[in-house]
Structure formats: C-alpha cells, structure tokens
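Each chain gets a letter, A, B and so on, in the order the sequences are listed, and its residues count up from 1.
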Amino acid sequence: MEQTRFDIQFSALRSAIIEREFSELNDRQREAVFHTEGPLLVLAGAGSGKTTVLIHRIINILRFGRGYSCPYAPDDATEEDLLFLREYLRTPTEKNRLRAETLCAVEPARPWQILAITFTNKAAKEIQSRLQRALGEDFARDIWASTFHSMCMRILRRECEAIGYDRSFTIYDTDDQKRVLTAVIKGRRLDDKVFDVRTVAAAIGRAKDNLMTPRMLLQEAQDRYYETTIAEIYKEYARQLRESNAMDFDDLIMKTVQLFQGNPEILERYQRQFHYVLADEYQDTNHAQYVLTSLLAGGYENICVVGDDDQSIYKFRGATITNILEFEQQYPNAVTIRLEQNYRSTQNILSAANELIRNNANRKGKELWTDNGDGTKIRFHRSDTQEGEAEYIAQSILEGFAEGNRWSDYAILYRNHVLSNALESAFKRNSVPYRIVSGLRFFDRAEVRDMLAYLWVILNPADDLRLRRIINVPARKIGNKTVETVADLASRGNTTMFDIISRAGEYDELGRAAAALKKFALMIDDLQKMLEYLPLDEFYEQVMEHTGYLAALEAKGEAEQARIENTMELKSNIAEYAQREENPTLAGFMEEVSLFTDIDRMDADADAVVMMTMHSAKGLEFPNVFLIGMEDGIFPSFRSTENEEDLEEERRLCYVAVTRAKKQLYLTCAERRMMYGRTQYSKPSRFLEEIPEKFVDSNISETQRERQQRLDMRPSAGHQTKRAFEISGGFRKKQTTAKPKIAAMDLKPGDQVDHKAFGHGMITSCMPMGGDILLEITFDQVGTKRLMAKSAMKFMVKK
DNA sequence: AATCCGGTTCTTTTT
DNA sequence: GAACCGGATT
C-alpha cells in the first residue's frame with residue numbers, strides 16, 4: 001500500500017507524541033521500547049536500566065501497540081484529527097489526552113496477551129508492581145508477569161490432564177526429591193557412595209534441563225554401567241513421582257514442553273493468546289526453558305529477550321550461554337540493541353570491568369560507559385593473613401561510617417561462604433553491625449520444612465512422603481521400624497500410610513505402637529476439622545501447639561530460640577497471604593509457598609553491612625563494595641582454572657561483582673589463609689592482572705613487590721599494560737595497618753570517651769585479652785558495645 | 001530412642 | 001575448622 005501525504009503527516013505526528021511519552025529514556029532504550037514487532041535481542045549491560053526498558057516496552061505495547069512505527073493513518077482518520085494531534089504535540093493537556101492516545105494507538109495489546117518471564121519471584125513481583133503503578137492495578141493484573149515455574153504451574157494446573165496428571169498435583173522440592181531418590185537407591189541395593197544422592201539428583205536434573213526422558217538417557221548410556229544405572233534410577237524416580245501425582249521443579253518446565261509438543265491444539269491456544277513474549281535474564285535459560293520460550297512465542301514471533309552474555313554465571317545449574325549467543329541465528333530477522341550506558345557506577349569501575357571482560361573470547365562484545373565521571377580509583381589491598389584482611393575491611397568501614405556513611409552502604413562479596421568467617425569475627429570485635437545473606441535459606445530450614453510438612457499432611461493425608469517426615473517429630477515413640485511396617489502394610493493393601501495408621505488397631509504387626517499411631521491419626525483429624533472454621537493464621541498456631549512442635553522447641557531452651565522465630569516467620573507469611581487474598585485457602589497458600597523459595601524481602605531498612613556471595617549479588621548495587629579473597633585458586637576457583645570455558649565463567653562472575661559498586665570498589669586478598677583446616681599460600685588473583693594499573697590504588701609496598709617478583713615466575717614483560725600489582729614505581733606507599741601505639745593501657749572503667757562513629761560514651765569494663773584490651777563501652781546514642789582497645793583508639797579520644 | 005564419636009566433606013543456587 | 005552423617009553405644 002502506498003503511503004499518502006496524509007499518512008506521512010499523521011504517522012510523523014503520532015511517532016513524535018509517543019516518543020515524548022518515553023522522553024526519560026535514552027536513545028538505545030527507546031529503540032528497544034519501540035521495536036514491538038518481530039524478534040528482538042536486547043543486550044543490556046550491568047546497570048543499564050534493563051528492567052526499566054522491559055517495563056516501558058510493555059507499557060508502550062499496551063498503550064500504543066505498534067503505533068510508533070506504523071506508516072499509515074487509521075482508515076477513519078480525518079484532517080481534523082491531524083490538526084488535533086498537531087495541537088496536542090504543541091501543548092498537551094490532560095483534557096485532550098484520551099483522544100490523542102486513542103488516535104496514536106495501533107492495535108494496542110490487551111494485558112493478557114503479554115507474557116513476561118523472569119527467573120526469580122522478586123523480579124516478577126517488581127515488574128508486576130511497577131506495571132500496576134503505571135497502568136492501574138486492575139488492568140495490569142492480567143499481564144502474565146511470572147517466573148518460568150509459576151507460569152508452568154499455571155498452565156499445568158489447567159492442562160495437565162492431557163498428560164495424565166491429576167489437577168491437584170503437588171510440587172516436590174529439592175528435599176522431597178532427595179528423600180525419594182535415597183529410597184530408590186536403597187531399594188536397588190546400590191552403593192550410596194558410588195550413587196551419591198546429590199550426584200544422582202544433579203544428573204537427573206541435567207537430563208530434565210535437556211528434555212531427556214529416562215528412555216533417552218538409557219539410550220545415551222550405551223550399556224555403560226554407571227550411566228545405565230543412573231538412567232534406571234531416573235526411570236524409577238519418575239515412576240514414583242507420577243504415582244504420587246507429584247512433580248519436581250524441573251518437571252514443571254519439562255512437562256509443559258511435553259504437553260505442548262504432544263498436544264498441538266493446546267499449544268496453539270497459548271500461541272494465539274500471547275501476542276508478545278518477553279524473557280528476562282535470557283543468558284540464564286537452560287535448554288528446556290529455551291525450547292519453552294520458543295514454543296510460546298511461536299505464534300506471532302514477537303519475542304523479546306533481554307540479557308547480558310557477560311553476566312552468565314549459572315552454567316553449573318544448566319544455563320547455556322548459547323541461547324543468547326545464537327538468538328540471531330535462530331531468528332535471522334532479529335534486531336539487536338545494545339544498552340551500554342550505565343547509570344550505576346563511576347567510569348573507573350566501568351573501565352576496569354570493560355578491560356577485565358575483554359579477556360573473554362566467547363562473547364558478543366559490549367563497552368560500558370557513563371557520564372557519572374571517573375570517580376575515585378579502585379583500592380587494592382593485600383594483607384598477610386585473612387585476619388589482616390578482615391581488620392582492614394572493618395577499619396575502612398568504620399572510617400567511612402565516621403565520615404557519615406551508613407553501614408548499609410557497604411557490601412562484602414566473596415566467591416564462597418567460608419570466606420565470611422574471619423570477617424564475622426572482625427565485625428563482632430569492632431561492633432560493626434552486619435548481615436549475612438546465607439546459603440541456607442528460610443524455606444530450607446528444618447523447622448520450616450517440618451511445619452510445612454504438617455500442613456501438607458493435613459491438606460492431603462495421602463502424602464506419604466511428608467507424613468514420614470513428621471510422624472515422629474517431635475518424638476512420639478513411633479520408631480523407624482514401625483514406620484516401615486506401616487509403609488509395608490500400605491503397599492500390600494494398596495492404600496496410603498495414613499489409612500493404615502487410622503486403623504492401626506486392626507493390625508497385629510503394629511503391636512504396641514498402634515496406640516501411638518492412632519493418637520497421631522486423631523491429631524491430624526482434629527486439625528483438619530479446625531481448618532474448616534479457623535482463620536488460616538490461627539489455624540497455623542493450633543498446628544504448632546496441637547502437634548507439640550512448639551512445646552518441643554521450647555523445651556530445648558535458649559538454643560532453639562531462632563527456630564521458634566523461624567516458625568513464627570512462617571506464620572507471618574500465612575497471615576500476609578490471608579490478608580492479601582480475597583478467598584484464602586490452605587491449598588492456595590501451599591501452592592504459593594511451593595514456588596516461593598527465597599526470602600526476597602532482603603529488608604533494606606536494616607542498617608547493616610551486608611555480606612553475600614558474588615552469585616547472590618547479581619542484580620544488586622551498593623555504594624561501596626569489597627571483593628575479598630581475590631586470590632588465585634579461590635577466585636578464580638582452582639576447579640575452573642583447568643579449562644578456558646570455566647575460567648571465562650569465573651571472569652564473568654568477577655565482572656558481575658565489580659559492576660555492583662556505585663562509588664568505591666575495594667579488592668582485597670591475603671598472602672596466606674586458613675581454609676578447610678590448612679594454611680594456603682596464594683598469589684593475587686589473575687583477574688587483578690587484567691585490570692590496568694591506572695584505575696587502581698594499591699598498598700603493595702616496594703619490598704613486598706620485590707619479593708612478589710621473585711616468587712612470581714609468570715613472565716610479566718609481555719604485558720602491554722602495566723598491571724595493578726606488578727612493579728611500576730607508580731604506587732604510593734601506604735601505611736595500611738597502623739601500629740597501635742596505644743595509650744590505651746590507662747583506660748579504666750568510668751572513663752568518658754568520644755568515639756568518631758558511636759559518639760559519647762562511658763567505659764564500663766576493661767578485660768585484658770590476647771595482648772589487647774576488650775573494652776565495654778556504654779554509648780549515649782547506640783547502646784553498649786564491645787571494642788578492642790587497639791582498633792578503637794583510632795576512632796576514640798579520652799575526655 | 002537419644003546421644004556420642006569418628007569419619008568425611010568442603011564452590012556457586014533458583015524454583 | 002566446622003558441619004553433617006552414620007554407626008555404635010548407652
């Protein structure tokens with residue numbers, strides 16, 4: 001169709017008006033927002049406003065459809081409309097807004113036609129809530145903004161009968177999964193050293209990530225004993241899950257793919273529904289997720305994937321960077337947009353990151369820049385021991401705090417959790433408040449699992465797996481032997497364990513245990529009745545009491561206080577759910593909870609230094625960041641120094657870590673470090689060599705450097721740029737650990753002091769301790785703190 | 001059924 | 001060095 005003069009004028013006006021709506025974005029970002037039709041790859045560097053683009057793109061699609069790039073005027077548009085738009089462009093008024101937007105919109109999408117997939121609940125929630133704010137709650141609620149897993153759950157709840165599942169299927173988490181696997185391995189009388197549950201679970205998980213059925217795995221095993229056995233375990237495991245009408249996390253994805261592949265008419269329905277598909281963090285997708293996304297987008301092929309190949313750090317859990325690297329091959333008509341302007345960090349930090357990641361061969365290539373200015377140099381500090389490293393960090397933070405920073409302005413990132421130990425004691429010693437984002441998450445804690453298991457059993461007494469978990473927790477004199485007898489009777493009678501338990505008296509085999517069993521069954525019955533008339537949170541309290549769980553924890557005293565708190569935490573989760581939901585049910589809560597793993601309320605309001613692994617830091621930002629344990633063998637981990645591919649993943653992790661810092665980045669390492677019970681001597685991380693010296697201030701002294709050079713056999717002459725920790729003469733010599741010539745010895749209880757960070761206080765006790773003095777000081781503002789005199793004196797004067 | 005002892009293991013993690 | 005598991009002991 002030929003464009004008329006009218007079309008040209010109209011569409012130009014329309015584009016201009018739409019463009020103005022997104023004026024707060026930069027050119028690249030806008031390009032991504034306006035490219036609505038066809039495949040789009042957005043390579044979004046760290047801190048480049050990725051989520052903002054994703055959200056505005058959805059807003060654009062919902063408000064204007066493909067209005068921005070449509071070259072034609074609407075059929076019924078008049079000269080008067082044209083004049084109206086011209087006027088609206090000149091002076092937009094609220095009164096004219098509705099008509100203008102109607103004129104500018106070309107086939108705007110309905111909310112349920114948009115699918116935005118993320119990896120974490122946190123990300124899904126953020127997208128959902130930002131869209132609700134921009135578009136109104138009711139409207140935005142219908143957008144499919146969810147994680148891969150909850151999307152699959154939603155689809156499967158509706159369609160799973162087509163693949164032979166009952167709609168009420170349950171989700172087995174990693175823990176449930178391991179229990180089943182342990183039973184399978186035991187049942188086959190296999191050596192559980194050779195077939196270690198974790199390894200087997202990982203193998204099965206990887207198979208599912210790659211959409212491989214037990215049969216396919218068996219075929220691939222080609223008669224090799226080990227592989228064949230794994231495939232057989234997989235087969236048995238899958239059989240048991242199906243029998244229990246259960247799926248594990250990986251099943252959610254794989255079964256959805258199988259559902260679609262086996263039922264084209266169902267697939268087509270979803271393909272017709274989703275006009276626009278967006279996938280976030282695409283570099284983290286595994287093969288199954290890739291196939292699923294491709295299937296769902298297969299109708300309109302309006303697929304937009306957002307990600308950063310340089311931030312792919314989850315290969316170990318099945319992510320294939322290939323998905324993003326080969327997107328353009330998959331869709332030859334794909335458009336690629338790079339977001340390289342960074343709004344987070346200083347140029348020094350970004351340049352360091354750019355130089356570092358440049359050493360990776362397998363990447364698309366990007367160069368981050370900012371107009372935030374150069375900022376201060378990165379600080380590099382090498383200590384002799386891990387204690388020295390920890391002390392340096394504590395002191396740096398105390399100094400910063402004294403200058404007015406908040407504790408929460410600081411984050412400490414490390415390659416693995418063990419590295420946090422020395423730091424913890426240094427922080428305790430110096431009264432630096434801290435918070436560790438731990439490896440063990442809320443829903444992995446035994447007490448939380450126990451309470452959830454109770455709820456599962458109350459909801460569905462046929463759930464043998466969860467029943468086994470709690471039947472004797474707290475102790476009810478129902479031993480292992482009894483449980484096995486019950487299980488035996490159940491399988492022979494082709495019924496559930498709970499059924500046997502309720503009729504325990506009828507079985508002689510159960511002997512004296514029958515009474516305890518009956519009592520247990522009655523308790524569950526009672527709780528089921530309570531569920532019918534009590535509000536959910538009160539009901540939960542009844543479960544805690546009625547089962548004796550709370551009492552058992554309380555009986556253990558002080559030590560179990562944290563566990564009690566955790567079970568209470570679960571209660572507040574239930575209360576929160578009950579309040580939010582119009583029609584709250586236990587089943588509804590359990591459904592939600594089975595996909596809700598991380599405690600994504602990382603309460604930002606707590607003012608404390610935060611410590612976490614570099615992996616968990618992805619997506620976060622902090623004004624000041626310490627990367628600790630920057631030593632070869634630790635980071636990069638010795639496991640990954642063998643092959644280039646693994647090393648590149650480590651380098652990406654380093655890139656992720658470096659780009660978390662907004663203002664100041666610190667890199668620290670120690671010459672020797674106690675790890676796993678032995679002292680390890682290490683060289684500074686090879687990644688440090690890759691950061692040009694001009695971005696770094698280092699503490700390495702002349703003598704240290706000379707020694708380093710003698711020790712370091714790596715040829716350095718070949719390097720084109722001088723590197724941060726090599727001899728250059730350019731480094732200032734800095735006295736880092738001040739020799740504490742303390743006048744501290746004459747401090748005594750009753751003395752008044754002024755502390756730079758904590759203000760005025762009075763010493764309440766002095767205890768000699770390892771060549772130093774432990775002071776207890778009651779401060780007017782911040783309460784009582786315990787400080788070591790040596791370091792405290794640097795921040796404190798006696799009055 | 002609870003507790004103690006010795007042996008073993010020790011990247012990274014979301015759903 | 002610490003945490004966790006399984007077997008033996010009480």
Side-chain angles (χ1 to χ4, degrees), chain A residues 117-124 146-153 171-178 182 192-193 196-199 201-202 205 208-209 247-254 280-281 284-286 288-289 312-319 386 413-422 424-425 437-444 446 472-483 513 516 556 591-600 612-619 629 633-641 646 649-650 652-654 656-657 673-680:
Chain A
I117 320 172
T118 65
F119 270 87
T120 63
N121 292 314
K122 191 177 162 194
S146 68
T147 63
F148 269 105
H149 292 87
S150 59
M151 168 187 81
C152 289
M153 175 101 105
I171 307 295
Y172 278 4
D173 62 29
T174 339
D175 192 76
D176 303 328
Q177 185 183 25
K178 287 203 175 123
T182 312
D192 60 3
K193 286 266 171 354
D196 152 78
V197 203
R198 288 175 47 196
T199 324
K208 290 185 179 178
D209 286 348
M247 296 193 203
D248 64 23
F249 290 131
D250 300 320
D251 281 335
L252 286 174
I253 315 285
M254 181 165 166
D280 192 15
E281 303 279 16
D284 289 339
T285 47
N286 61 37
Q289 288 159 338
S312 165
I313 54 172
Y314 285 116
K315 183 177 159 215
F316 68 90
R317 65 177 201 215
Q386 57 193 340
L413 311 182
Y414 31 79
R415 177 64 237 260
N416 50 216
H417 289 291
V418 267
L419 281 271
S420 67
N421 291 342
E424 236 184 308
S425 18
V437 176
S438 95
L440 193 60
R441 285 176 312 278
F442 182 67
F443 285 93
D444 289 338
N472 201 32
V473 181
R476 297 193 177 87
K477 305 232 185 275
I478 302 174
N480 240 327
K481 215 174 137 268
T482 308
V483 173
K556 289 195 177 169
E591 167 133 328
E592 191 172 290
V593 105
S594 60
L595 291 186
F596 189 93
T597 44
D598 82 289
I599 359 149
D600 31 60
M612 65 179 97
T613 63
M614 296 177 180
H615 279 92
S616 343
K618 186 158 160 239
I634 293 176
F635 188 43
S637 142
F638 70 95
R639 286 162 214 270
S640 47
T641 49
D646 288 345
E649 173 131 328
E650 294 280 292
R652 289 192 292 268
L653 182 59
C654 188
V656 167
R673 179 185 300 274
M674 227 354 194
M675 254 180 113
Y676 304 133
R678 40 195 318 195
T679 303
Q680 242 185 312

- Query: Over how many whole Å does the gap from Phe249(A) atom CZ to dT14(B) atom P extend?
  - Reply: 11 Å
- Can we say Asp209(A) and Arg317(A) salt-bridge, meaning some charged N sits less than 4.0 Å from an Asp/Glu carboxylate O? no
- Query: Quick one: which of dT15(B), dT11(B), dG1(C) gets closest to the side chain of His149(A)?
  - Reply: dT15(B)
- Message: If you only use heavy atoms from C-beta on, which nucleotide in dT12(B), dG1(C), dT15(B) is closest to the side chain of Tyr676(A)?
- Response: dG1(C)
- Message: For dC10(B) and His417(A) - does any side-chain N or O of the residue sit under 4.0 Å from the phosphate oxygens OP1/OP2?
- Response: no
- Query: Looking for any heavy atom pair under 4.0 Å, which part of the strands does Ser640(A) touch: base, sugar-phosphate only, or nothing?
  - Reply: nothing
- Task: Mark yes or no for whether Gln289(A), through its side chain, and Asn286(A), through its backbone, hold a donor-acceptor pair below 3.5 Å.
- Result: yes
- Scan Phe119(A) against the nucleic acid and name what it touches under 4.0 Å (heavy atoms): base, sugar-phosphate only, or nothing. sugar-phosphate
- Test: Lys315(A) and Asp284(A) ion pair at under 4.0 Å: no
- Item | Nucleotide dA2(C), atom C1' - distance to CD of Glu424(A) in whole Å | 13 Å
- Tyr414(A)-His615(A) aromatic ring centre distance below 6.0 Å: no
- By nearest-nucleotide position on DNA chain B, the 5'-leaning member of Phe148(A) and His615(A) is His615(A)
- Query: Within less than 4.0 Å of OP1 or OP2 of dT14(B), is there a side-chain N or O belonging to Asn121(A)?
  - Reply: no
- Among dT13(B), dA2(B), dT15(B), which nucleotide sits nearest the side chain of Ala475(A)? dA2(B)
- Are any of the side-chain heavy atoms of Ile171(A) and Asp248(A) separated by less than 4.5 Å? no
- Just call it for Met675(A): base, sugar-phosphate, or nothing, with non-hydrogen atoms closer than 4.0 Å on any strand. nothing
- Message: At less than 4.0 Å, is any side-chain N or O atom of Thr613(A) found next to OP1 or OP2 of dT11(B)? Yes or no.
- Response: no
- Note on the structure: Rounded to whole Å, CZ of Arg198(A) lies from P of dC4(C) at a distance of 12 Å
- Specify the separation, in whole Å, of atom CG of Asp196(A) and atom P of dG6(C). 11 Å
- To the side chain of Thr147(A), which of dT11(B), dA1(B), dT15(B) is closest? dT15(B)
- Query: What nucleic acid atoms does Glu650(A) come within less than 4.0 Å of, heavy atoms only: base, sugar-phosphate, or nothing?
  - Reply: base
- Note on the structure: Taken to the nearest whole Å, CG/Leu653(A) to C1'/dT13(B) is 12 Å
- Item | 5' priority, DNA chain B, between Asn416(A) and Ile478(A) [closest heavy atom] | Ile478(A)
- Indicate syn or anti for dT11(B), taking the glycosidic torsion and treating anything within 90° of 0 as syn. syn
- Query: Would you call Lys208(A) and Asp251(A) a salt bridge, using N to O less than 4.0 angstrom?
  - Reply: yes
- Query: Between atom NZ in Lys208(A) and atom P in dT15(B), what is the gap in whole Å?
  - Reply: 18 Å
- Message: By a 5.5 angstrom centroid cut-off and a 30 degree plane limit, is there stacking between Tyr314(A) and dT13(B)?
- Response: no
- Given atom CD of Gln177(A) and atom C1' of dT15(B), what is their separation to the nearest angstrom? 11 Å
- Atom pair distance, as rounded to whole Å: CD in Gln680(A) and C1' in dT11(B): 13 Å
